[in-house]
> 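Next up is a structure, given as C-alpha cells.
Worth saying up front: this structure is predicted, and the values here are computed from it rather than measured.
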Amino acid sequence: MQRQEAKGPGAQELEALASLVGIIRTRKPLVHHITNMVVMNDTANITLAIGALPVMAHAREEVEEMVNLASALVLNIGTLTPGQIEAMLLAGRRANERQIPIVLDPVGAGATRLRTESALRLLRDLQITALRGNASEIGALLGVEGETRGVESISLSEERESVAQRAARQFGCCVTITGARDVISDGRRLAYVENGHPWLASITGSGCMATTLVAAFLAVEADAWKASIAALVALGLAGELAAQQAAGPGTFRSHLIDAVAALDEEAIRRGQKVMVIA
C-alpha cells in the first residue's frame, strides 16, 4: 500500500478541502435533522457554528415538505421510536427523489434488535450517502462480533479498517468510524484523520456533532469521502483548540462550539492531520 501525508506531494486535492468551510458560510445550506432528543440542542448549535442552518423536524406530517427546502438530511436513531423510523423513511425517499445527500447515524446499533434492524432497514430502503458511527455500531450492521455498552463502543473483533471498507462496499456509501483515530472509506479509498482530543469522548453527543458536520460539508461537496474527511478534521481540530481553553468537560463543550465557529481555511490547512492509504 502507498501512504500519502495530506501535506505531501499528490495531496493537493485534500488540501483544497480547507476551502469548504468558506463555501458553507457563503451558501448557508439548510440541514434537516431527524435526530435524537439528548443532543438536539448541541447538534443545532454545531450546525450554526460551521455556517450552515439547522432545522429539527420530526413529524411525519411535515418531513417531506421540510426536505424540499433542505440541502442535506441527517437521520439519527439515538432516541428511536417506530414512528420516527416511518418519518425517516418518508423524508429519506423524498431526499432520494431530490438527490440530496443523506447521512445516517446508527446510534446504539448492536445494543438492541430494534436499533440494529431499524438501521439496516434505512440502509436497505434508502440510498444513504454517508454512514457515521463508532466501531461497534458499524460492526453490528455487518454482523461482526463486538461489545456495546448502551450506545458506547467497547471492543470489536475485526480491524476497523476492514470493517469500514466492507461496510462501504456492502451498503454502497461512504463509511466513517470515529474514535481516537477516525477511519473513512468509500470502499475504494481509505483515509485516517488524526485530529482530536480525548475530551471529545467525555461529553455527550460529540459523535452526533460529527454526523451533523458530515451533512453540512456534503451540502457543498458531492464527494462523500472528501466531505467526511473535511468534517472530521473540522471537529477534531476544534477539539484540540477547545481543550487549550477549557478547565474540564463542561467548559470544553462551550469552547468546542466557539472553536468550530472560529475555524477558517488557513487554520484547517495548517492544522489538519490526514493520512491517505491509496
> Mind listing the closest non-hydrogen atom pair of I34 and A57 along with its distance?
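Heavy atoms of I34 and A57 come nearest at CG1-O, 3.4 Å.
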
> Say you draw a straight line from CD of Q165 to CD1 of I177; how long is it, rounded to the nearest 0.5 Å?
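Q165 atom CD to I177 atom CD1 measures 9.5 Å (nearest 0.5 Å).
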
> Calculate, to the nearest 0.5 Å, the distance between atoms CG and OG1 belonging to D42 and T204 respectively.
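One finds 8.0 Å between CG of D42 and OG1 of T204.
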
> If I compare all heavy atoms of I50 with all of A216, which pair ends up nearest, and what's the gap?
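Scanning both residues completely, I find the closest heavy atoms to be CG2-CB, 3.9 Å.
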
> Which is it for E221 and I229 under the side-chain contact (heavy atoms from CB on, under 4.5 Å) test, yes or no, and what are the steps along the way?
CA-CA 11 Å; E221 168 57 60; I229 292 171; over 6 Å; no

> Can you list the steps and then say if V63 with R94 is a side-chain contact (heavy atoms from CB on, under 4.5 Å)?
CA-CA 9 Å; V63 291; R94 179 59 58 87; over 6 Å; no

> With sequence neighbours excluded, give me every ring pair (Phe, Tyr, Trp, His ring centres under 6.0 Å) pair touching residues 23-77.
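Non-adjacent pairs meeting ring pair (Phe, Tyr, Trp, His ring centres under 6.0 Å): zero.
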
> Do V103 and F217 have side chains that get closer than 4.5 Å, going by heavy atoms?
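Heavy-atom side-chain distance check fails, nothing below 4.5 Å.
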
> Please tell me if the side chains of L232 and T176 come closer than 4.5 Å, counting only heavy atoms from C-beta onward.
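Yes - at least one pair of side-chain heavy atoms lies under 4.5 Å apart.
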
> Ignoring hydrogens and angles, tell me if any N or O in the side chain of T116 forms a donor-acceptor pair with the backbone of G110 under 3.5 Å.
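Answer holds: yes.
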
> Between R132 and S228, is there a side-chain donor-acceptor contact under 3.5 Å, judged purely by atom types and distance?
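Not at all, the side chains of S228 and R132 share no donor-acceptor pair under 3.5 Å.
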
> Check whether any side-chain heavy atom of M88 sits under 4.5 Å from a side-chain heavy atom of D125, and report yes or no.
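Side-chain contact under 4.5 Å: no.
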
> Under 6.0 Å from the CD atom of Q99, do we count more than 12 heavy atoms belonging to anything else shown?
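Atom CD in Q99 is not packed in, count stays at 12 or less.
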
> Any side-chain heavy-atom pair from M66 and V55 closer than 4.5 angstrom?
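In short, these two side chains touch, coming nearer than 4.5 Å.
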
> Please check if V67 and M40 belong to a single hydrophobic cluster, counting links between Ile, Leu, Val, Met, Phe, Trp and Tyr side chain heavy atoms closer than 4.5 Å.
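Per the 4.5 Å side-chain linkage, V67 and M40 are not co-clustered.
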
> Rounded to the nearest 0.5 Å, what separation is found between the OG atom of S118 and the CG atom of L123?
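It comes to 11.0 Å.
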
> Any luck finding a side-chain donor-acceptor pair between Q272 and N195 under 3.5 Å?
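The criterion, which ignores hydrogens and geometry beyond distance, is not satisfied for N195 and Q272.
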
> Got L256 and L235 here, is their nearest side-chain heavy-atom distance under 4.5 Å?
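In short, these two side chains touch, coming nearer than 4.5 Å.
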
> What's the spacing between S206 OG and R253 CZ if we round to 0.5 Å?
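The CZ atom of R253 is 8.5 Å from OG of S206, to the nearest 0.5 Å.
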
> Using the rule that two of Ile, Leu, Val, Met, Phe, Trp, Tyr join whenever any of their side-chain heavy atoms come within less than 4.5 Å, decide whether I24 and V260 are in one cluster.
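They do share one cluster, since a chain of ILVMFWY contacts under 4.5 Å joins I24 to V260.
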
> Would you say L200 ends up clustered with V39 if hydrophobic residues are merged whenever their side chains have heavy atoms under 4.5 Å apart, either directly or through other cluster members?
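Unlinked, V39 and L200 end up in two clusters.
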
> Answer yes or no: is there a donor N or O on one side and an acceptor on the other, between the side chain of D182 and the main chain of G179, under 3.5 Å?
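Yes.
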
> Minimum heavy-atom separation for E137 to V107, with atom names?
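Looking at all heavy atoms of both residues, the closest pair is OE2-CA, 3.5 Å.
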
> When you compare the side chain of V183 with that of Y192, does any pair of heavy atoms fall below 4.5 Å?
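Sidechains of V183 and Y192: in contact.
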
> Going by heavy atoms in the side chains, are L120 and F171 under 4.5 Å from each other?
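Counting from C-beta outward, L120 and F171 do come under 4.5 Å.
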
> Looking only at heavy atoms, what is the nearest atom pair of C173 and L131, with distance?
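Here C173 and L131 meet closest at SG-CB, 4.0 Å.
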
> In Å, rounded to the nearest 0.5 Å, how long is the span from NE2 of H197 to OG of S202?
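That separation rounds to 9.0 Å.
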
> Ignoring hydrogens and angles, tell me if any N or O in the side chain of E65 forms a donor-acceptor pair with the backbone of E62 under 3.5 Å.
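No.
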
> Donor-acceptor pair, distance only, cut-off 3.5 Å: does the side chain of S19 make one with the backbone of A16?
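A pair under 3.5 Å: yes.
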
> Is there side-chain contact between L17 and V233, with heavy atoms separated by less than 4.5 Å?
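A side-chain contact is absent here, since even the closest heavy-atom pair is not under 4.5 Å.
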
> I'd like to know if R25 pairs up with E265 as an ion pair, taking the criterion as any Lys NZ or Arg NE/NH1/NH2 lying under 4.0 Å from an Asp or Glu carboxylate oxygen.
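No, this pair does not count.
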
> Does the pair R166 and V144 meet the rule for a side-chain contact (heavy atoms from CB on, under 4.5 Å), with working shown?
CA-CA 11 Å; R166 287 209 296 127; V144 175; 3.2 Å; yes

> Please check if the side chain of R98 supplies one atom and the backbone of A70 the other of a donor-acceptor pair under 3.5 Å.
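Indeed, once roles are kept as given, a pair shorter than 3.5 Å links the two residues.
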
> Walk me through it: do E194 and R181 pass the test salt bridge (Lys or Arg N to Asp or Glu O under 4.0 Å)?
CA-CA 5 Å; E194 298 184 336; R181 190 188 205 199; 2.7 Å; yes

> So which of N36, T211, T35 actually passes side-chain hydrogen bond (donor to acceptor under 3.5 Å, both in side chains) with D105?
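Among N36, T211, T35, the one that satisfies the side-chain hydrogen bond (donor to acceptor under 3.5 Å, both in side chains) with D105 is T211.
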
> Taking the side chain from E240 and the backbone from G196, do they hold a donor-acceptor pair closer than 3.5 Å?
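Yes, the answer is positive, given that a donor and an acceptor are paired below the 3.5 Å cut-off.
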
> Please evaluate residues E97 and R93 with respect to the criterion salt bridge (Lys or Arg N to Asp or Glu O under 4.0 Å), reporting the C-alpha separation (whole Å), side-chain torsions for both, the decisive distance (0.1 Å), and the verdict.
CA-CA 6 Å; E97 290 171 1; R93 289 174 185 134; over 6 Å; no

> With distance as the sole test, does E159 use its side chain to make a donor-acceptor pair with the main-chain N or O of E161 at under 3.5 Å?
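No: the side chain of E159 does not pair with the backbone of E161.
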
> Shortest non-hydrogen contact from N76 to Q84?
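Looking at all heavy atoms of both residues, the shortest contact is O-OE1, 4.0 Å.
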
> Say you draw a straight line from CG of L89 to CG of L75; how long is it, rounded to the nearest 0.5 Å?
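One gets 8.5 Å once the value is rounded to the nearest 0.5 Å.
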
> Under a single-linkage definition using a 4.5 Å side-chain heavy-atom cutoff for Ile, Leu, Val, Met, Phe, Trp and Tyr, are L237 and I203 assigned to the same hydrophobic cluster?
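In one cluster: yes.
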
> Following the transitive rule for hydrophobic clusters with a side-chain heavy-atom cut-off under 4.5 Å over Ile, Leu, Val, Met, Phe, Trp and Tyr, establish whether L142 and L122 coincide in one cluster.
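In one cluster: yes.
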
> Any chance you could lay out the side-chain contact (heavy atoms from CB on, under 4.5 Å) test for L190 and I184, step after step, and finish with the verdict?
CA-CA 6 Å; L190 178 69; I184 300 123; over 6 Å; no

> Has R124 got more than 12 heavy atoms of other residues, nucleotides or ligands less than 6.0 Å from its CZ?
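Yes.
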
> Kindly give the heavy-atom pair with the smallest separation between R160 and T178, and that separation in Å.
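So the two residues come closest at NH1-O, 3.8 Å.
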
